[in-house]
Amino acid sequence: MNKKDNKNFKILYVEDDDIARENGIEYLQNYFEHIYEASDALNALKIYKEIKPDIIISDIQMPK
């Protein structure tokens, strides 16, 4: 899997821990060009409605 093959995928990464989110985004940038992030469920829902991501990676427990 390389970035060229995955360039059109939109990823939504939802994580309330800032450091974990930064690390996750940094890793995903090796494979995807379009990465969106949210720190809580309400913000994630707003982003979801706007961009309609292909893949959502989410923390299980988080505020809101």
Side-chain angles (χ1 to χ4, degrees):
M1 175 164 61
N2 63 44
K3 196 171 189 174
K4 184 179 176 185
D5 295 334
N6 301 319
K7 69 179 184 176
N8 293 322
F9 284 106
K10 294 181 281 186
I11 309 298
L12 174 55
Y13 188 78
V14 187
E15 171 62 63
D16 62 323
D17 182 279
D18 293 337
I19 294 171
R21 191 173 60 255
E22 286 178 25
N23 290 336
I25 296 292
E26 186 176 327
Y27 177 78
L28 290 169
Q29 287 174 336
N30 293 314
Y31 301 99
F32 303 98
E33 289 185 16
H34 306 287
I35 304 167
Y36 303 86
E37 61 181 281
S39 59
D40 61 56
L42 292 177
N43 193 25
L45 183 59
K46 180 180 175 184
I47 293 170
Y48 173 79
K49 288 178 180 179
E50 290 177 18
I51 64 161
K52 304 288 193 266
D54 299 297
I55 299 171
I56 299 172
I57 302 170
S58 179
D59 189 357
I60 294 173
Q61 283 188 320
M62 69 184 114
K64 302 181 188 172

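Residues: numbered from 1 along the sequence shown.
- Between the side chain of K10 and the backbone N or O of I51, at least one donor-acceptor pair lies under 3.5 Å.
- When hydrophobic clusters are built by joining Ile, Leu, Val, Met, Phe, Trp and Tyr residues whose side-chain heavy atoms come closer than 4.5 Å, directly or via intermediates, I25 is grouped together with F32.
- The salt bridge (Lys or Arg N to Asp or Glu O under 4.0 Å) test applied to E15 returns no partner, not counting sequence neighbours.
- Tracing side-chain contacts under 4.5 Å through hydrophobic residues (I, L, V, M, F, W, Y), one never reaches I56 starting from I35; they form parts of separate clusters.
- Taking hydrophobic clusters as Ile, Leu, Val, Met, Phe, Trp and Tyr residues chained together by side-chain heavy-atom distances below 4.5 Å, L12 shares a cluster with M62.
- Among residue pairs with one or both ends in residues 37-61, those qualifying as side chain to side chain donor-acceptor pair (under 3.5 Å) are R21-E37; sequence neighbours excluded.
- With sequence neighbours excluded, the residues that form a side chain to side chain contact (heavy atoms under 4.5 Å, CB included) with I57 are I11, Y13, L28, I55.
- For F9, the ring-ring contact (aromatic ring centres under 6.0 Å, His included) test picks out no residue, with sequence neighbours left out.
- For the atom pair CG of N23 and CG of D18, the computed distance is 11.0 Å after rounding to the nearest 0.5 Å.
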